[in-house]
There are 2 protein chains.
Amino acid sequence: MEENQEIRKAGLKITLPRVKILSLLEKQGGHLSAEDVYRILLDEGEEIGLATVYRVLTQFESAGLVVRHNFEGGQAVFELDRGSHHDHLICMNCGRVEEFVDNTIEKRQIEIAKKHGFRIKDHALVIYGICSNKECKQAE
Amino acid sequence: MEENQEIRKAGLKITLPRVKILSLLEKQGGHLSAEDVYRILLDEGEEIGLATVYRVLTQFESAGLVVRHNFEGGQAVFELDRGSHHDHLICMNCGRVEEFVDNTIEKRQIEIAKKHGFRIKDHALVIYGICSNKECKQAE
DNA sequence: TACGAAAATGAGAAGATTTCGCATTATCAA
DNA sequence: TTGATAATGCGAAATCTTCTCATTTTCGTA
Ligand SMILES: [Mn+2]
Ligand SMILES: [Mn+2]
Ligand SMILES: [Zn+2]
Ligand SMILES: [Zn+2]
(Lines give C-alpha, C1' and ligand atoms only; values in the text may rest on other atoms or scores of the structure.)
(Ligands and ions follow the chains in the order given, each with its own letter.)
Protein backbone atom coordinates (compact mmCIF):
# COMPACT_ATOMS: atom_id res chain seq x y z
CA MET A 1 0.00 0.00 0.00
CA GLU A 2 2.36 2.68 -1.11
CA GLU A 3 -0.62 4.96 -1.77
CA ASN A 4 -1.09 5.18 1.96
CA GLN A 5 2.40 6.53 2.41
CA GLU A 6 1.88 9.14 -0.28
CA ILE A 7 -1.37 10.27 1.27
CA ARG A 8 0.16 10.39 4.70
CA LYS A 9 3.19 12.29 3.41
CA ALA A 10 0.75 14.81 1.97
CA GLY A 11 -0.55 15.43 5.48
CA LEU A 12 -3.90 13.77 4.85
CA LYS A 13 -5.67 11.01 6.72
CA ILE A 14 -5.82 7.62 5.07
CA THR A 15 -9.41 7.22 3.99
CA LEU A 16 -11.02 4.81 1.57
CA PRO A 17 -11.98 7.47 -1.00
CA ARG A 18 -8.48 8.93 -1.03
CA VAL A 19 -6.84 5.57 -1.48
CA LYS A 20 -9.25 4.52 -4.21
CA ILE A 21 -8.85 7.77 -6.14
CA LEU A 22 -5.07 7.78 -5.92
CA SER A 23 -4.89 4.11 -6.93
CA LEU A 24 -7.15 4.77 -9.87
CA LEU A 25 -5.02 7.67 -11.07
CA GLU A 26 -1.92 5.51 -10.80
CA LYS A 27 -3.54 2.55 -12.53
CA GLN A 28 -5.16 4.54 -15.34
CA GLY A 29 -2.57 7.16 -16.04
CA GLY A 30 -3.50 10.00 -18.35
CA HIS A 31 -5.90 12.86 -17.79
CA LEU A 32 -9.18 12.24 -15.99
CA SER A 33 -11.99 14.57 -15.05
CA ALA A 34 -13.64 14.35 -11.65
CA GLU A 35 -16.64 12.87 -13.41
CA ASP A 36 -14.39 10.28 -15.09
CA VAL A 37 -12.96 9.24 -11.74
CA TYR A 38 -16.44 9.08 -10.23
CA ARG A 39 -17.87 6.98 -13.07
CA ILE A 40 -14.96 4.55 -13.21
CA LEU A 41 -15.10 3.94 -9.48
CA LEU A 42 -18.87 3.47 -9.61
CA ASP A 43 -18.45 1.00 -12.48
CA GLU A 44 -15.92 -0.90 -10.42
CA GLY A 45 -18.56 -1.23 -7.75
CA GLU A 46 -17.01 1.23 -5.35
CA GLU A 47 -19.39 3.53 -3.56
CA ILE A 48 -18.26 7.10 -3.52
CA GLY A 49 -19.80 10.55 -3.79
CA LEU A 50 -19.06 12.97 -6.59
CA ALA A 51 -18.53 15.78 -4.09
CA THR A 52 -15.90 13.67 -2.39
CA VAL A 53 -14.12 13.09 -5.67
CA TYR A 54 -13.97 16.83 -6.27
CA ARG A 55 -12.83 17.48 -2.71
CA VAL A 56 -10.15 14.82 -2.76
CA LEU A 57 -8.79 15.86 -6.15
CA THR A 58 -8.55 19.44 -4.95
CA GLN A 59 -6.75 18.30 -1.81
CA PHE A 60 -4.38 16.18 -3.86
CA GLU A 61 -3.71 19.21 -6.01
CA SER A 62 -2.92 21.39 -2.99
CA ALA A 63 -0.67 18.65 -1.69
CA GLY A 64 1.18 18.40 -4.98
CA LEU A 65 0.06 14.86 -5.71
CA VAL A 66 -1.89 15.76 -8.82
CA VAL A 67 -1.99 18.57 -11.34
CA ARG A 68 -5.21 20.15 -12.56
CA HIS A 69 -5.57 21.34 -16.15
CA ASN A 70 -8.27 23.60 -17.50
CA PHE A 71 -8.16 22.52 -21.11
CA GLU A 72 -10.79 24.22 -23.31
CA GLY A 73 -13.70 25.23 -21.17
CA GLY A 74 -15.40 22.02 -20.27
CA GLN A 75 -14.48 20.13 -17.19
CA ALA A 76 -11.09 20.29 -15.56
CA VAL A 77 -8.89 17.22 -15.86
CA PHE A 78 -6.41 15.83 -13.37
CA GLU A 79 -3.29 13.79 -13.73
CA LEU A 80 -0.73 12.39 -11.34
CA ASP A 81 2.10 14.80 -10.67
CA ARG A 82 5.14 12.89 -11.88
CA GLY A 83 7.47 15.56 -10.60
CA SER A 84 8.39 17.06 -13.93
CA HIS A 85 6.50 19.76 -15.74
CA HIS A 86 5.23 19.19 -19.26
CA ASP A 87 2.88 20.79 -21.76
CA HIS A 88 0.17 19.32 -23.98
CA LEU A 89 -0.89 18.69 -27.56
CA ILE A 90 -4.59 17.97 -27.99
CA CYS A 91 -6.34 16.53 -31.02
CA MET A 92 -9.40 18.61 -31.81
CA ASN A 93 -11.02 15.60 -33.46
CA CYS A 94 -10.55 12.64 -31.14
CA GLY A 95 -9.41 14.38 -27.98
CA ARG A 96 -6.10 12.53 -27.79
CA VAL A 97 -3.65 14.24 -25.47
CA GLU A 98 0.08 14.03 -25.96
CA GLU A 99 2.73 15.50 -23.73
CA PHE A 100 5.96 17.29 -24.47
CA VAL A 101 8.71 19.32 -22.88
CA ASP A 102 10.64 21.88 -24.84
CA ASN A 103 13.52 23.61 -23.14
CA THR A 104 13.74 26.35 -25.70
CA ILE A 105 10.17 27.36 -24.95
CA GLU A 106 10.65 27.01 -21.22
CA LYS A 107 13.64 29.35 -21.30
CA ARG A 108 11.95 31.89 -23.54
CA GLN A 109 9.03 32.10 -21.17
CA ILE A 110 11.29 33.01 -18.31
CA GLU A 111 12.86 35.74 -20.40
CA ILE A 112 9.48 37.06 -21.49
CA ALA A 113 8.25 37.23 -17.91
CA LYS A 114 11.41 39.05 -16.88
CA LYS A 115 11.11 41.53 -19.73
CA HIS A 116 7.58 42.37 -18.59
CA GLY A 117 8.55 42.67 -14.94
CA PHE A 118 6.63 39.55 -13.93
CA ARG A 119 7.89 37.03 -11.42
CA ILE A 120 6.86 33.85 -13.19
CA LYS A 121 4.95 31.27 -11.17
CA ASP A 122 3.51 28.93 -13.71
CA HIS A 123 2.43 28.59 -17.28
CA ALA A 124 0.12 26.57 -19.47
CA LEU A 125 0.79 25.86 -23.11
CA VAL A 126 -1.65 23.81 -25.13
CA ILE A 127 -1.22 23.15 -28.82
CA TYR A 128 -4.45 22.27 -30.62
CA GLY A 129 -4.41 20.32 -33.85
CA ILE A 130 -5.38 17.19 -35.70
CA CYS A 131 -3.54 14.04 -34.79
CA SER A 132 -2.24 11.31 -37.07
CA ASN A 133 -5.16 8.90 -36.69
CA LYS A 134 -6.64 7.92 -40.04
CA GLU A 135 -10.11 9.05 -38.99
CA CYS A 136 -8.86 12.35 -37.62
CA LYS A 137 -6.87 13.21 -40.73
CA GLN A 138 -9.71 12.49 -43.13
CA ALA A 139 -12.33 14.09 -40.89
CA GLU A 140 -10.78 17.45 -41.47
CA MET B 1 -20.65 53.66 -38.60
CA GLU B 2 -17.77 51.46 -39.56
CA GLU B 3 -19.05 48.84 -37.12
CA ASN B 4 -21.94 48.27 -39.48
CA GLN B 5 -19.58 47.40 -42.29
CA GLU B 6 -17.67 44.96 -40.12
CA ILE B 7 -20.84 43.27 -39.00
CA ARG B 8 -22.15 43.11 -42.54
CA LYS B 9 -18.85 41.76 -43.81
CA ALA B 10 -19.15 39.03 -41.20
CA GLY B 11 -22.41 37.97 -42.81
CA LEU B 12 -24.57 39.16 -39.94
CA LYS B 13 -27.55 41.50 -39.93
CA ILE B 14 -27.03 44.94 -38.49
CA THR B 15 -28.86 44.91 -35.19
CA LEU B 16 -28.66 47.25 -32.22
CA PRO B 17 -27.16 44.68 -29.85
CA ARG B 18 -24.46 43.74 -32.33
CA VAL B 19 -23.51 47.33 -33.01
CA LYS B 20 -23.45 48.22 -29.31
CA ILE B 21 -21.34 45.23 -28.38
CA LEU B 22 -18.83 45.75 -31.17
CA SER B 23 -18.58 49.46 -30.40
CA LEU B 24 -18.01 48.71 -26.76
CA LEU B 25 -15.25 46.24 -27.52
CA GLU B 26 -13.58 48.80 -29.78
CA LYS B 27 -13.96 51.61 -27.26
CA GLN B 28 -12.84 49.62 -24.23
CA GLY B 29 -10.14 47.46 -25.67
CA GLY B 30 -8.74 44.71 -23.50
CA HIS B 31 -10.34 41.50 -22.35
CA LEU B 32 -13.98 41.51 -21.33
CA SER B 33 -16.25 38.73 -20.14
CA ALA B 34 -19.82 38.45 -21.41
CA GLU B 35 -20.92 39.60 -17.98
CA ASP B 36 -18.59 42.63 -18.23
CA VAL B 37 -20.08 43.60 -21.58
CA TYR B 38 -23.59 43.15 -20.23
CA ARG B 39 -22.95 45.24 -17.09
CA ILE B 40 -21.21 48.06 -18.91
CA LEU B 41 -24.00 48.36 -21.45
CA LEU B 42 -26.62 48.30 -18.72
CA ASP B 43 -24.73 51.00 -16.83
CA GLU B 44 -24.69 53.08 -19.99
CA GLY B 45 -28.47 52.82 -20.05
CA GLU B 46 -28.64 50.43 -22.96
CA GLU B 47 -31.17 47.67 -22.68
CA ILE B 48 -29.83 44.32 -23.65
CA GLY B 49 -30.19 40.73 -22.53
CA LEU B 50 -27.35 38.65 -21.16
CA ALA B 51 -28.31 35.77 -23.46
CA THR B 52 -27.97 38.10 -26.41
CA VAL B 53 -24.52 39.16 -25.27
CA TYR B 54 -23.42 35.54 -25.12
CA ARG B 55 -25.00 34.81 -28.49
CA VAL B 56 -23.49 37.81 -30.22
CA LEU B 57 -20.03 37.25 -28.79
CA THR B 58 -20.15 33.66 -29.98
CA GLN B 59 -21.23 34.80 -33.42
CA PHE B 60 -18.46 37.38 -33.50
CA GLU B 61 -16.03 34.66 -32.57
CA SER B 62 -17.22 32.39 -35.38
CA ALA B 63 -17.00 35.33 -37.77
CA GLY B 64 -13.44 36.08 -36.69
CA LEU B 65 -14.28 39.48 -35.21
CA VAL B 66 -13.34 38.53 -31.68
CA VAL B 67 -11.22 35.94 -29.94
CA ARG B 68 -12.37 34.01 -26.91
CA HIS B 69 -9.94 33.04 -24.16
CA ASN B 70 -10.56 30.50 -21.43
CA PHE B 71 -8.11 31.85 -18.90
CA GLU B 72 -8.15 29.92 -15.59
CA GLY B 73 -11.53 28.40 -15.08
CA GLY B 74 -13.85 31.27 -14.37
CA GLN B 75 -15.64 33.03 -17.11
CA ALA B 76 -14.39 33.24 -20.66
CA VAL B 77 -13.12 36.61 -21.86
CA PHE B 78 -13.33 38.15 -25.30
CA GLU B 79 -11.19 40.65 -27.12
CA LEU B 80 -11.30 42.22 -30.54
CA ASP B 81 -9.40 40.21 -33.13
CA ARG B 82 -6.73 42.62 -34.28
CA GLY B 83 -5.57 40.26 -36.95
CA SER B 84 -2.36 39.18 -35.30
CA HIS B 85 -2.00 36.35 -32.85
CA HIS B 86 -0.53 36.97 -29.43
CA ASP B 87 -0.20 35.22 -26.10
CA HIS B 88 -0.75 36.38 -22.54
CA LEU B 89 0.90 37.08 -19.21
CA ILE B 90 -1.49 37.27 -16.27
CA CYS B 91 -0.80 38.62 -12.79
CA MET B 92 -2.09 36.17 -10.23
CA ASN B 93 -2.50 38.99 -7.74
CA CYS B 94 -4.24 41.84 -9.56
CA GLY B 95 -5.41 40.10 -12.69
CA ARG B 96 -3.51 42.40 -15.04
CA VAL B 97 -3.18 40.94 -18.51
CA GLU B 98 -0.23 41.74 -20.76
CA GLU B 99 0.28 40.53 -24.27
CA PHE B 100 3.33 39.30 -26.10
CA VAL B 101 4.46 37.61 -29.27
CA ASP B 102 7.57 35.49 -29.36
CA ASN B 103 8.67 34.12 -32.69
CA THR B 104 11.04 31.61 -31.17
CA ILE B 105 8.15 30.04 -29.27
CA GLU B 106 5.83 30.21 -32.26
CA LYS B 107 8.34 28.36 -34.43
CA ARG B 108 9.10 25.74 -31.83
CA GLN B 109 5.42 24.94 -31.49
CA ILE B 110 5.14 24.21 -35.17
CA GLU B 111 8.11 21.88 -34.93
CA ILE B 112 6.70 20.14 -31.90
CA ALA B 113 3.37 19.58 -33.62
CA LYS B 114 5.13 18.19 -36.66
CA LYS B 115 7.28 15.88 -34.57
CA HIS B 116 4.14 14.44 -32.98
CA GLY B 117 2.31 14.07 -36.27
CA PHE B 118 -0.19 16.79 -35.46
CA ARG B 119 -1.44 19.33 -37.98
CA ILE B 120 -1.39 22.41 -35.78
CA LYS B 121 -4.53 24.53 -35.73
CA ASP B 122 -4.12 26.81 -32.77
CA HIS B 123 -2.43 27.17 -29.45
CA ALA B 124 -2.83 28.95 -26.16
CA LEU B 125 0.08 29.99 -23.97
CA VAL B 126 -0.55 31.76 -20.71
CA ILE B 127 2.23 32.71 -18.34
CA TYR B 128 1.09 33.20 -14.74
CA GLY B 129 3.09 35.34 -12.36
CA ILE B 130 3.24 38.40 -10.17
CA CYS B 131 3.42 41.74 -11.93
CA SER B 132 5.52 44.76 -11.06
CA ASN B 133 2.86 46.69 -9.13
CA LYS B 134 4.03 47.63 -5.66
CA GLU B 135 1.05 45.93 -4.05
CA CYS B 136 1.44 42.80 -6.09
CA LYS B 137 5.13 42.42 -5.31
CA GLN B 138 4.70 42.86 -1.57
CA ALA B 139 1.55 40.77 -1.45
CA GLU B 140 3.57 37.73 -2.31
C1' DT C 1 -42.88 54.30 -47.56
C1' DA C 2 -45.34 50.11 -46.19
C1' DC C 3 -45.39 45.19 -46.00
C1' DG C 4 -44.13 40.64 -44.46
C1' DA C 5 -41.00 36.65 -44.27
C1' DA C 6 -37.14 35.55 -41.83
C1' DA C 7 -34.01 36.42 -38.34
C1' DA C 8 -32.86 38.29 -33.81
C1' DT C 9 -33.99 39.56 -29.20
C1' DG C 10 -35.08 39.30 -24.10
C1' DA C 11 -36.57 36.74 -20.25
C1' DG C 12 -36.47 32.94 -17.84
C1' DA C 13 -35.81 27.98 -17.75
C1' DA C 14 -32.53 24.58 -18.17
C1' DG C 15 -27.88 22.47 -18.65
C1' DA C 16 -23.23 21.77 -17.05
C1' DT C 17 -19.69 21.93 -13.76
C1' DT C 18 -18.22 22.71 -9.22
C1' DT C 19 -18.81 23.93 -4.36
C1' DC C 20 -21.34 24.12 -0.02
C1' DG C 21 -23.97 22.66 4.27
C1' DC C 22 -24.92 19.35 7.28
C1' DA C 23 -26.25 14.98 9.34
C1' DT C 24 -23.87 10.63 9.54
C1' DT C 25 -19.78 7.83 9.50
C1' DA C 26 -14.88 6.76 9.63
C1' DT C 27 -10.24 7.58 11.36
C1' DC C 28 -6.68 7.29 14.66
C1' DA C 29 -4.31 8.76 18.96
C1' DA C 30 -4.76 7.79 23.57
C1' DT D 1 -12.20 0.40 22.95
C1' DT D 2 -13.25 5.00 23.08
C1' DG D 3 -14.13 9.66 21.64
C1' DA D 4 -12.61 13.95 19.58
C1' DT D 5 -11.90 15.24 15.19
C1' DA D 6 -12.01 14.92 10.43
C1' DA D 7 -14.13 13.04 6.23
C1' DT D 8 -18.01 11.40 3.69
C1' DG D 9 -22.32 11.31 0.89
C1' DC D 10 -26.24 13.54 -0.26
C1' DG D 11 -28.86 17.12 -2.02
C1' DA D 12 -29.05 22.04 -2.41
C1' DA D 13 -26.86 25.93 -4.20
C1' DA D 14 -23.53 28.73 -6.85
C1' DT D 15 -21.65 29.88 -11.24
C1' DC D 16 -21.33 30.19 -16.03
C1' DT D 17 -23.44 29.33 -20.38
C1' DT D 18 -26.96 27.74 -23.60
C1' DC D 19 -31.65 26.90 -24.90
C1' DT D 20 -36.73 27.82 -25.68
C1' DC D 21 -40.07 30.54 -27.31
C1' DA D 22 -43.12 34.50 -27.59
C1' DT D 23 -42.31 39.08 -29.22
C1' DT D 24 -39.80 42.45 -31.83
C1' DT D 25 -36.67 43.97 -35.41
C1' DT D 26 -34.51 43.87 -39.83
C1' DC D 27 -34.42 44.45 -44.68
C1' DG D 28 -35.64 43.12 -49.46
C1' DT D 29 -39.48 44.01 -52.21
C1' DA D 30 -43.68 46.20 -53.81
MN1 LIG E 1 -0.18 15.73 -18.85
MN1 LIG F 1 -5.16 39.56 -25.73
ZN1 LIG G 1 -7.16 12.62 -33.21
ZN1 LIG H 1 -0.42 42.51 -10.44
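Just so we're on the same page: letters track the sequence lines, and every chain starts at 1.
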Going through the checks in order, is the side chain to side chain donor-acceptor pair (under 3.5 Å) test met by B:His88 and B:Glu98?
CA-CA 6 Å; B:His88 299 89; B:Glu98 296 203 16; over 6 Å; no
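- Where A:Arg55 and A:Ala34 each meet DNA chain C at their nearest nucleotide, the meeting point lying more 5' is that of A:Ala34.
- Listed for the B:Asp36 side chain is a donor-acceptor partner under 3.5 Å among the backbone atoms of B:Ser33.
- Contact annotation: A:Tyr54 side-chain N/O to C:dT19 OP1/OP2 distance is not under 4.0 Å.
- Between A:Arg39 and A:Glu35 there is a salt bridge, since a side-chain N of the basic residue sits under 4.0 Å from a carboxylate O of the acidic one.
- Remark: P of C:dT18 and CG of A:Leu32 are 13 Å apart, rounded to the nearest angstrom.
- Heavy-atom distances under 4.0 Å link DNA chain C to B:Lys13, B:Thr15, B:Pro17 of residues 8-17 of chain B, given in residue order.
- For the pair B:Ser33 and A:Val53, nearest-nucleotide mapping onto DNA chain D gives the more 5' position to A:Val53.
- If you check every strand for non-hydrogen atoms under 4.0 Å, A:Glu35 touches nothing.
- Hydrophobic clustering of Ile, Leu, Val, Met, Phe, Trp and Tyr side chains at less than 4.5 Å, counting indirect connections, keeps A:Val77 apart from A:Phe100.
- One finds a salt bridge joining B:Arg82 and B:Glu99 here, because a Lys/Arg side-chain nitrogen approaches an Asp/Glu carboxylate oxygen to under 4.0 Å.
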May I have the list of side-chain donor-acceptor pairs in residues 117-130 of chain B shorter than 3.5 Å, sequence neighbours left out?
unit_1, atom_1, unit_2, atom_2, d
B:Arg119, NH2, A:Glu140, O, 3.0
B:Lys121, NZ, A:Glu140, OE1, 2.5
B:His123, ND1, B:Gln109, OE1, 3.4
B:His123, NE2, B:His85, NE2, 2.9
B:His123, NE2, B:Asp87, OD2, 3.3
B:His123, NE2, B:Glu106, OE2, 3.4
B:His123, NE2, B:Gln109, NE2, 3.4

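- No salt bridge links A:Lys20 with A:Glu47; every basic N to acidic carboxylate O contact stays at or beyond 4.0 Å.
- Atom CG of A:Asp36 and atom P of C:dT18 are 11 Å apart (whole Å).
- Between B:Glu6 and B:Lys9 there is no salt bridge, since no side-chain N of the basic residue sits under 4.0 Å from a carboxylate O of the acidic one.
- Along DNA chain D, read 5' to 3', the first and last nucleotides having any atom under 4.0 Å from a heavy atom of chain A are D:dT5 to D:dG11.
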